[in-house]
Amino acid sequence: MSGPAAGTAAAATTTDVVCLGESMVTFLPSQPGRLADVPSFGRGIGGAESNVACALAAAGHRAAWVGRVGADGFGDHLVETIASYGVDTSAVRRDPARPTGVYFRTATDRGTDTHEVAYYRAGSAASAMSPENVPYDALFAGRVLHLSGITAALSPDCLALLRELTAPRPGRPLVSFDVNHRPHLWRGSAEDASVLLELARRADLVFVGEDEAEEAWGIVGAEAIRAALPEPSVLVVKRGSAGATVFASSPRPGPRSSPRPGPRGAEAAAGTVTPAASADTVTPVPALRVDVVAAVGAGDAFAAGFLSATLRGLPVRDRARHGHLMAAAVLTVPGDLTDPPSRDRADRLVALDDAAWGRLRLAPGWTTADRAPEEVRTP
């Protein structure tokens with residue numbers, strides 16, 4: 001069976017979230033310093049979409065990861081490790097002709113000038129994903145299909161695949177899209193701005209950071225980002241330590257809107273299907289104070305927490321708070337993945353009043369301690 005129409009017709013919704021994208025073997029430094037000076041590395045895994053799948057599975061959801069890896073030991077390690085989190089990897093394809101991607105990074109924060117990453121992913125198995133070789137029945141088998149802009153940058157075939165998956169069609173699952181602007185992956189191409197805007201405008205739920213919106217599109221501020229992305233029913237603008245602002249639309253009767261003028265590259269989104277006129281509910285949700293160990297993987301964890309709460313039908317504010325808690329769990333460990341707090345504990349923290357939420361300070365080990373001392377006046 002091939003093609004999105006056939007896959008949609010055959011799919012049975014047995015999965016909560018299906019995540020598509022490249023996962024790579026990650027080599028983490030044994031000590032701080034330049035890559036040239038680090039004497040040894042520990043092996044882990046990394047990949048925005050597989051990170052989301054692992055976090056959702058650890059939180060008790062039925063999650064699947066769909067990707068393409070080499071027929072090599074690194075591919076074995078990726079599939080086995082992701083599956084160990086409880087993620088369904090049965091639809092992962094093995095490529096006998098292309099390798100699994102790997103990368104090395106330093107221990108410093110990604111946002112600093114001293115942070116280094118060395119990618120070895122050109123020509124990887126994942127870059128060969130295309131509309132002709134992915135399992136559509138598996139991709140459309142969930143309540144949510146989660147994608148990111150990273151995949152669009154891997155190859156023309158990968159971009160064609162994302163355009164297929166975000167195209168409006170009957171029976172499409174809710175499409176979640178994390179912009180994940182990675183300039184180095186676009187190799188100096190000016191196409192990144194228009195492509196990411198186009199894909200975001202075709203999704204139902206979008207995650208984007210204020211910093212990446214400014215970098216990719218020249219847009220400053222949450223309201224301006226919403227003006228450029230009117231179509232998604234839910235837009236989550238991540239604002240770093242300031243928290244997140246969530247725009248949730250409530251459809252109302254009226255003529256279908258025409259595409260609004262957008263920022264750089266907006267012409268590529270012309271022809272995008274736009275929703276009926278709607279009124280937004282705007283919900284700002286402050287972030288938590290966190291003693292950060294490593295600022296890697298927090299965006300993926302936030303998306304997983306938000307999606308988890310969305311699947312449970314929780315209010316918008318609580319969805320964002322669950323995202324902040326998932327992000328805090330990852331921020332307080334060295335790697336991209338960790339066990340989230342128990343659902344009961346997370347729900348208890350999310351239910352705090354605004355003042356108590358603002359007093360929380362989370363430190364390493366907070367997810368497993370019976371009652372972390374940082375939790376001020378927690379009921």
Side-chain angles (χ1 to χ4, degrees), residues 20-22 46-49 51-52 103 109-113 115 117 119 121 127 146-156 158-163 165-167 175-247 259-272 274 295-303 306 323 327:
L20 168 92
E22 180 174 33
E49 301 85 3
N51 285 348
V52 171
Y103 74 96
D109 185 343
R110 178 182 288 162
T112 68
D113 292 337
H115 183 70
V117 181
Y119 287 101
R121 72 197 304 179
S127 70
H146 181 70
L147 309 168
S148 96
I150 293 173
T151 305
L154 297 180
S155 69
C158 283
L159 173 55
L161 174 59
L162 284 202
R163 283 178 167 145
L165 295 177
T166 57
V175 172
S176 166
F177 181 73
D178 193 334
V179 171
N180 262 330
H181 183 227
R182 299 287 185 268
H184 64 275
L185 288 179
W186 294 91
R187 296 170 293 278
S189 168
E191 191 180 21
D192 56 343
S194 60
V195 164
L196 294 174
L197 185 69
E198 170 196 352
L199 295 172
R201 293 182 69 174
R202 293 162 65 133
D204 303 299
L205 165 60
V206 172
F207 300 94
V208 62
E210 276 191 322
D211 54 347
E212 60 187 348
E214 182 175 3
E215 183 176 41
W217 303 321
I219 303 174
V220 178
E223 294 287 347
I225 295 170
R226 181 51 161 173
L229 293 171
E231 294 84 0
S233 56
V234 177
L235 171 66
V236 183
V237 179
K238 297 176 291 183
R239 304 175 58 221
S241 60
T245 299
V246 184
F247 297 85
R260 302 182 194 177
R264 295 195 299 256
E267 294 81 3
T272 299
T274 57
V296 179
D300 305 330
F302 180 94
F306 194 96

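- Of all non-hydrogen atoms in His181 and Glu212, the two that sit nearest each other are N-OE1, 2.9 Å.
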Throw together a table of side-chain donor-acceptor distances under 3.5 angstrom for residues 232-239, partners on residues two or more places apart or in other chains.
residue : atom : partner : partner atom : Å
Ser233  : OG   : Asp204  : O            : 3.0

Check your understanding: Which is it for Val220 and Glu214 under the side-chain contact (heavy atoms from CB on, under 4.5 Å) test, yes or no, and what are the steps along the way?
Key -> CA-CA 6 Å; Val220 178; Glu214 182 175 3; 3.9 Å; yes
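- Atom SG of Cys158 is separated from atom CG of Leu147 by 11.5 Å, given to the nearest 0.5 angstrom.
- Not counting sequence neighbours, the partners of Thr166 by the side-chain hydrogen bond (donor to acceptor under 3.5 Å, both in side chains) test are Arg202.
- Counting all heavy atoms, side chain and backbone alike, Gly46 lies closest to Asn51 at CA-OD1, 4.4 Å.
- Closest of all the heavy-atom pairs between Ala327 and Ala298 is CB-O, 3.7 Å.
- Listed by chain and residue number, nothing satisfies the ring pair (Phe, Tyr, Trp, His ring centres under 6.0 Å) test with Phe177 (two or more places apart in sequence, or in another chain).
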Exercise for review: Given side-chain contact (heavy atoms from CB on, under 4.5 Å), test Ser176 with Phe207 step by step and report yes or no.
Suggested key: CA-CA 8 Å; Ser176 166; Phe207 300 94; 3.5 Å; yes
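- Residues Arg201 and Ala228 share a closest heavy-atom pair of CD-O, 3.9 Å.
- Partners of Ala152 according to the side chain to side chain contact (heavy atoms under 4.5 Å, CB included) rule, which considers only residues two or more places apart in sequence or in another chain, are Leu159, Leu162, Trp186, Val195, Leu199.
- Listed by chain and residue number, nothing satisfies the side-chain hydrogen bond (donor to acceptor under 3.5 Å, both in side chains) test with Asp178 (two or more places apart in sequence, or in another chain).
- Pairing each heavy atom of Gly21 with each of Thr151, the nearest pair is CA-OG1, 3.6 Å.
- When all heavy atoms are compared, the tightest approach of Ala48 to Asn180 is CB-ND2, 3.6 Å.
- The aromatic rings of Tyr119 and His184 sit parallel, their planes meeting at an angle under 30°, below the 60° perpendicular limit.
- With sequence neighbours left out, Glu22 forms a salt bridge (charged side-chain N to carboxylate O under 4.0 Å, His left out) with Arg121.
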Practice item. I would like to know whether Phe247 and Leu229 meet side-chain contact (heavy atoms from CB on, under 4.5 Å); could you show each step before the answer? Key: CA-CA 10 Å; Phe247 297 85; Leu229 293 171; over 6 Å; no
Check your understanding: Between Leu165 and Val175, does a side-chain contact (heavy atoms from CB on, under 4.5 Å) hold up when you go through it step by step?
Key -> CA-CA 8 Å; Leu165 295 177; Val175 172; over 6 Å; no
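- Contact of the Asp192 side chain with the Leu185 side chain is not registered, since no non-hydrogen atoms from C-beta on lie closer than 4.5 Å.
- The CD atom of Glu210 sits 11.0 Å away from atom CD1 of Ile219, with the distance rounded to the nearest 0.5 Å.
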